[in-house]
Amino acid sequence: MRKLKLINFTWWKISCSIILLSIFSVTAYAQSIALHGRIVDENGGPLPGATVRITGTTTATVTTANGDFTLNVPSNTKSITISFLGYVDQTKNITTGTGNLGTLTMVKTSRDISEVVVVGYGTQRREAVTGSVASISGDRMRDVPAPNISQAIQGRLPGVDISQTSTKPGATTQILIRGQRSLTASNDPLIVLDGIPFVGSIGDINPNDIKSIDILKDASATAIYGSRGANGVIILTTNRGQTGANAKISYNGYYGTQTLFSRYPMMNGPEFVALRKAAGLYTVNGTDEDNNVNTDWQKLFYRTGMVNSHDVGVSGGSQTGSYNFGGGYYRNQGLIPTQQYTRYAMRGSVDQSVGKYVKIGFTTNNNYTLNEGGQISVGSVLGFTPITNPYNTDGTLKRTVKMPADESFVLTKGVVNNLHDQWLNETRSYATYNSVYGEVKIPWVEGLKYRVNLGLDFIQGNDGNYTGVGVNSTTPTTSSTAGVGNRQTYHWALENLLTYDHTFAQKHNLNVVALYSAEQTKYNSSSMSAKDIPADAFQFYNLGAATGEITIGNGNYSLSGLSSYMGRVMYSYDNRYLLSATVRSDASSRLAPGYKWHTYPAVSVGWNVMNESFMKEITTIDNLKLRVGYGQTSNQAVNAYQTLGTLNSRQYNFGDNTYATGYYVSQLPNPKLGWEYSETWNYGLDFSVLNHRLSGTIEYYDTKTKDLLLSVGLPPTSGVGSYTANVGQTQNRGLEISLNGTIINNVNGWTWDLGVNVYANRNKLVALASGQTRDEGNGWFVGHNINSIFDYQYTGLWQQGDANMNILEPGGNVGMIKVLYTGGYDANGKPTRAIGAADRQIIDTDPKYQGGFNTRVAYKGFDFNVVGAFKSGGILISSLYGSGGYLNRLTGRGNNVNVDYWTPDNTGARYPKPGGIQSGDNPKYGSTLGYFDASYLKIRAMTLGYDLNRVLPKNFVARARLYFTVQNAFVLFSPYHKESGMDPETNSYGNENAAVPLSNAQRRFLTIGTNAPSTRNYLLGINMSF
Amino acid sequence: MGILSTGCKKILDETPRSTFTPEYFKTTQGVNGGLTAMYYHLRNIYGQAYYYNSGITGTDEATWGQSADGNFKDMDCSGVGSILSTSYPSSILWGEAFPNINTASGVIENASAAGVSSALIAEARFFRAFDYFLLVQTFGGVPLDLGAGELKFNTSPSRTSKRNTVPEVYTKAVFPDLLQAVNDLPATGRVTGGLTKTAARLILSKAYLTYAWWLENPNGIPTYPASNRTDPGGHDAAWYFQQAYDVAAAAIDDHGNFGLQPTFYDVNAGQNDRNNEMVLYADHTQTSEKYNGSSLTYGSGGAPDNFAGWMMTWNYTMLKSSGVNSVLREADQHLGRPWVRMAPTIEVLKNTFADKTNDSRYDGTFTSVYRGNWQKGGNAAATLINANGMAIAPGDAVLTFLNEDNPNVVYASGNAGINAGMLPGRSDFVISPGVINRIVYPGLWKLGVYRTDNGTGLGQPNAGSTRPFPIAKFSELYFIAAEAAVKGAAIKAGKSARELINVIRARAGKWRFDNNGNKAKVEDDSPAMIAATPATIDINYVLAERSREFYAEGGRWFDLVRTQKWAELAGTYTIGGINYTDHTPVTVTRTIDKHLYLRPIPQGQIDGLEMTTAEKTAYQNPGY
């Protein structure tokens, strides 16, 4: 330990100075012959960026945009090697005296063989991988232009379930890899950026900087990340320069408009008048209402959005080093007035060899984001009745409008825009993620290498909000309020790696890695708010000047650390028998003393059947590999200090002028808090057939998660509400299939590729605390999905003459919702009781299966890409139609979603009689109206691209591709879309975007609520490099 | 560089810097903070509308209103729902009391070591006894051992529990703590609203009274867990009635700064909050949102909001004059935020408050006149056309609930938009007390919102009330002593049951302001009030008088359960239906089985226990 530290310290100093030196260093060398030529692909198109190298040396160059190269070589040079990702390396012998090598055609390799997979603390050829790893290259990911990485890969990798959690500009997603394991701890996968565990938001990373994404799914692959591997690992690798390459400048940009995908399906004037009449509850219109008015509040509210992205990069290299720098700008203006997201990103990486044995480098990813207008919501706008007239007789807008029982602040695009300086909410954040490495080849042991990685990250967020006097309040004198918040995260990680990679006797390939690492994350936040800001111009910039109450919020501080040892052996014999074995030990500060350490074993084996001699005869199969793996991984996503117990504070007043703060025990200490861990078995089959035209992977997995970190509700008689403990078990089992095929391979210039992935995950809760089989409060039921709904089951509507209505629904009315009765019947066949709480059902919400597809058709310079996603089964919760949104009250109090409701003349309707029996403000059992079949098929993006070099002069220096994309193009087979016309993708967490949202405990249910409306985007973009 | 030298061991250590651990209770500041938390816990019970509802709905004071959800209908015991172990309203106290009891035990245990005065420790003792008293009345016997031994501070996750019997709870917890508190608490609170000797005496006398009734058990109501109706100390019911009388009488005599307000109106008027009649209350303030604990502009409808007053407020904003909303939602004690969850019964208006002219308490309890305030909402109209085509100005009555039924009232759907009635010659719409329904009824003035920051506008009617919620008033001592006297306690000179009740009735006859008439009214109807007092006071009369004095403050269920009069006094009621047009009273019968005299142990408690099914079943009160 102590020695290692010393080395690290020295390394840091050396690295820093060398990096600086290398940037300015110039290398010169002797030259004799200038070789030149042109490298083309199988279609004769130029291959820019291919590496041309003197065989066996580091002397190399890179082809230009036209595929041309010139390489100065010593006169005794025997051959050159040309390599390009996705193509077979080609070696060309040099005949003395020949300068011009002419046109050299490269041969494409099949994806599955050539691909190099990042497996964490190293890379592996796809052929040798024994764990479950799904990969996508940056270029393929960018087939879907998207604001962030997670949206770009949504639906494209089997077992990676990415769900939209918000439609606001800049929003990120929920990523679940192979289902949900934890009940209250996090289910987020670990993200590793350029080798360093990433503590920021995935939205911080510019998708244009990504070279490849590798997702480790099973425990045999993720066990190298031990305590953080249970939820899967997403490894992001950013672009780096290539040694020997000429400087290359690239520009990628697009501009697009965002249009409304669909309006929220509210009633128009006449529809609403009919509803109010049918309900018969609000027989007298409100002051500002008139049955002849037909106001489209949404039309008055939305604007056309805009999305705009520009990236510039430069990369290149010398003979011994390379660099890559880039900057990006992204802006998305949403449909909701003043809502927008802006990101400025800057990155750089440098790699430099020093002598024969040393290599150093660094990577830096920086960004500044600005998120504005999050406080503006469409929710209240939807509730305005369409017969409300927002205008005074003189054509000016009213400040508020009165409906029969409600008065509302008028919200239109104009109002919000005009209030921009009096009503704002913004979050500014700056994040910088940096890593430095040094690598030494140990000279006297071939294949032995020492590497140190140091990651240093800093994230800062500042929030500011201001609401002027009376803004968005029916009371014009409501005090102005302003608030600021600050957050900082500091993170460092240090990794010491010893790698030994060697092939013995040509058949025994051995790769050994040993790691010691440590990291620490510190977080603190503070906030303040104030009332009665003396002037609008102050906004939130001087809370001290407020004349009203100034409140200092509770600060938050946490410091947590992780210390780890890891060892891994990857061995293959003759490329036939593959073995990977890992042991990792992790200790976390968050857990109780004596329970901090846990050791994670993992082992996986593979068999490349096609490399056996007895398979040589079979020519239709090109590749066949069987894999099986087992591993243990953990989840330490419990907050710091949970083992110590907590006092909560409460503020109280004694009279109007004496204030005091009180404390009470809110959480008991748990001196035994340990790891939650998962055990996974994974079985895989990789194949490719028909001369690599069709390839695929089939995997089956079974994950059991034990000792769940769970906040256990104690009986109130213990005096304390809860404590965090290791209780309960969950299970996820699933099947994943991905297929990639080339249907037409360059026939008359036509090429057609198709990729499909399908996966099914079966999630269930196996055990809860202390033998409990149900926890109704939290909605957890043993034997069911973690996300199961506990509610009545809609079976239709009560009709005139239906038997037993008076017994089952005393006080009910014809046309009300009928729910399942589970009680008994007496001798006369009469129900023995009324419908009640005992009739609630457990309803599983997970889909049966889901997946995605992508297809690419190319002809000459044109290419057409379609990326789609689908889902079958499961429950979609829409708070618009359920009772939480207050938009389907069917009373006529406020506007209603446009539903087919029961009337004596329309008894076949799905929705109940307006004005019938209610529970609270909604129809009785109204929540059951919000559950829909979640199935859909969706075309996420369609792109038509054209290679501009086809029309540009042959010797034009730049490469350029122009494309036009439609995002969120259309939806098929969706019952929810059929009902509402809306996008069937969720847009909110359960506890958001509804008048009465679900409880905090039910936040995990993703719902459709009144978030920013979904958009359909039209983008025009260009990719250029020269 | 510094981070690199951080040792491996050190990385794994933890020091919280923004939260406290339970160790903090071992310091003086921790003890003080623990006490403040106990005062705060009152807010989670008193003013919490669902708890409030559980003490009133289903009694002779109220039934469910038009917008009621199951939380209200369940408590009504009238076939529209049932009280179950999963019912929320009956679980609130259970969830709030035990954590507070534990905090109190922590303070009591650690305070001496931290060098805290006995007067402060007495506050913790008071709160522990107060909670145990509430629990034992509501659920029967409850556990005294939370996991660390009887009345000990528990800091371990305990998932088993054993209920003590009712006599154990009284004699081991309630009485000893309160006796100590009476001894150690100051006559004047250390802070505004702080605990006093008088507060301790009031609760102690009430606990004696309740326990005496329990020992007597006149109507054979079962108890649980099973226990003989004998006192471990060997005393009988009569002895405890006498204790109740003596302690209450001592509190009246040794009253310190406490006393009765000159008029009933003064007791409940917002501008007179925290007056000397208020012995215990859950405080709130409009001066600080942070310390008020809830928003000053928009209440969410959950603790610690004081939102009880919304429940019996009907939606008066539907009232129209000239087709315009004439009574707007205002942060005014007569108005406030309408939730229409609870309603008074016709019997309340016609029997409980039969005398509306001499007795100022009807006028000081209800909003019976709704006055136009349209100008505060920006409507500049000087007058609007109201009933009989007559003009009214701002401040004039739009709707009046009549004191007596009047057969000449004609109801019509167009009237005021709510199917109100008209009487010839009157510019206000009217409704007779005998035809109220679940959607239109006199509102509850006494708990109404009162703010001083409305300016000339409507203020913030959607915030929770920033007024303190009353828990115990000095006047209750008279009722406790009177009830004990009725039950045979030997009386002191001038303090017979009739004399005590007459102190209250005489005060009720004193007027200085006509609340609903909105004008000064200096009048003394005390002689008429005293003259109307029956010669012999029986328990029913004490209860009726209690209801007049403390109507809809939340304690009615306890009174009816203590005296075992619930089924007798609240078995039926009448009220109209849920539509504006429902002006025909309907008689509703309640089914008040004896098992309902104990509330169910909340399901959350039972689910949280690690015990056998048989043990869990035995933990629940019978009948649930």
Side-chain angles (χ1 to χ4, degrees), chain A residues 1 5 8-9 284 287 402 404-405 475-478 492 494 518 520 549 551 555-557 561 563 587 589 596 640-641 644-647 650-665 668-669 713-721 723 770 772 775 777 810-811 837 919-920, chain B residues 3-5 8 11-14 16-22 24 30 33-34 36-37 39-40 69 80 86 94-95 98-99 102-103 143 146-147 154-155 157-159 161 191-193 274 283 285 287-293 297 315 320 324-325 417 455 457-458 460 604-605 607-610:
Chain A
M1 277 294 307
K5 254 187 282 156
N8 298 336
F9 178 75
V284 184
T287 312
K402 293 196 185 75
T475 308
T477 54
T478 295
W492 64 263
L494 177 68
Q520 210 170 24
E549 183 177 18
T551 306
N556 201 329
Y557 164 91
S563 179
S589 66
K596 287 184 190 292
Y641 317 126
L644 304 173
T646 315
L647 297 189
R650 299 167 150 176
Q651 276 75 33
Y652 192 71
N653 64 293
F654 294 103
D656 278 334
N657 46 26
T658 305
Y659 305 134
T661 298
Y663 308 101
Y664 67 102
V665 183
L668 287 173
L714 290 171
T717 52
S718 70
V720 180
Y723 81 121
S770 67
Q772 254 178 275
D775 177 338
S919 164
Chain B
I3 52 165
L4 293 179
S5 56
C8 156
I11 288 176
L12 302 178
D13 292 343
E14 285 200 303
R17 298 188 191 281
S18 62
T19 51
F20 295 109
T21 68
Y24 189 60
T36 303
Y39 281 95
Y40 177 101
D69 55 38
V80 289
T86 48
W94 187 276
F98 284 105
N102 199 40
T103 305
L146 305 189
N154 179 42
T155 54
S158 169
R159 308 201 71 187
S161 178
V191 284
T192 307
R274 306 187 191 91
D283 213 347
T285 182
T287 57
S288 165
E289 196 158 70
K290 176 174 181 176
Y291 290 92
N292 183 48
T297 52
N315 191 4
K320 289 205 170 172
V324 175
N325 299 102
L458 297 163
Q460 299 290 355
Q605 167 71 21
D607 283 348
L609 292 172
E610 270 183 338

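Labels below follow one simple rule: chain letters A, B, ... track the order of the sequence lines, proteins then strands, and each chain is numbered from 1.
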Donor-acceptor side-chain pairing of B/T21 and A/Y641 below 3.5 angstrom:
no
Checking side-chain contact (heavy atoms from CB on, under 4.5 Å) for the pair A/T661/B/Y291: CA distance, chi angles, key distance, verdict?
CA-CA 8 Å; A/T661 298; B/Y291 290 92; 4.0 Å; yes
Return the CG to CG distance between A/L668 and B/N102, rounded to the nearest 0.5 Å.
8.0 Å
Given that the side chain runs from C-beta out, which part of A/Y664 has a heavy atom under 4.5 Å from chain B: side chain, backbone, both or neither?
both
Derivation of the side-chain contact (heavy atoms from CB on, under 4.5 Å) call for A/S718 and B/N154
CA-CA 7 Å; A/S718 70; B/N154 179 42; 4.1 Å; yes
Checking heavy atoms, do the side chain of B/T155, its backbone, both or neither come under 4.5 Å from chain A?
both
side-chain contact (heavy atoms from CB on, under 4.5 Å) assessment of A/K402 paired with B/N325
CA-CA 9 Å; A/K402 293 196 185 75; B/N325 299 102; 4.2 Å; yes
To the nearest 0.5 Å, what is the distance between CZ on A/F654 and CG on B/D283?
8.5 Å
Any side-chain donor-acceptor pair under 3.5 Å between A/R650 and B/Y40?
no
If you count heavy-atom pairs under 4.5 Å between each of B/G30, B/P157, B/G604 and chain A, which one has the most?
B/P157
Of all heavy-atom pairs linking A/G555 and B/S18, the shortest is O-CB, 3.5 Å
Side chain, backbone, both or neither: which part of B/R274 has a non-hydrogen atom closer than 4.5 Å to chain A?
side chain
Counting heavy-atom pairs closer than 4.5 Å to chain B, which one of A/P476, A/P669, A/G662 comes out on top?
A/G662
Interchain contact, B/P143 with chain A, by part (heavy-atom threshold 4.5 Å):
side chain
To the nearest 0.5 Å, what is the distance between CG on A/L714 and CG on B/L609?
10.0 Å
Spacing of B/T192 atom OG1 and A/D656 atom CG [to the nearest 0.5 Å]
9.0 Å
So which of B/G147, B/P22, B/G34 has the biggest tally of heavy-atom pairs under 4.5 Å with chain A?
B/P22
Check for a donor-acceptor pair, side chain of B/Q605 on one end and backbone N or O of A/T717 on the other, with a separation under 3.5 Å.
yes
If you take all heavy atoms of A/Q651 and B/K290, which pair is closest and at what distance?
CB-O, 3.4 Å
Name the member of A/T658, A/V720, A/N556 that forms the most heavy-atom pairs with chain B at distances under 4.5 Å.
A/N556
So which atom in B/I11 and which in A/S589 form the shortest heavy-atom distance, rounded to 0.1 Å?
O-CB, 3.4 Å
Which atoms form the tightest heavy-atom contact between A/P716 and B/G95, and what is the distance?
CB-CA, 4.2 Å
So which residue, B/K320, B/R17, B/Q460, ends up with the most heavy-atom pairs under 4.5 Å with chain A?
B/R17
Plane angle bin for A/Y663 and B/F20 - parallel if under 30°, tilted between 30 and 60°, otherwise perpendicular
perpendicular
Side-chain donor-acceptor contact under 3.5 Å, A/E549 with B/S288:
yes
Part of B/T287 lying under 4.5 Å from any heavy atom of chain A
both
Considering only heavy atoms, which portion of A/T475 lies under 4.5 Å from any heavy atom of chain B: side chain, backbone, both, or neither?
side chain
Using non-hydrogen atoms only, which part of A/L644 is less than 4.5 Å away from chain B: side chain, backbone, both, or neither?
both
For chain A, the option from B/G293, B/S158, B/G457, B/G455 that forms the most heavy-atom pairs under 4.5 Å
B/S158
B/T103 OG1 to A/L647 CG distance, which is reported to the nearest 0.5 Å:
8.5 Å
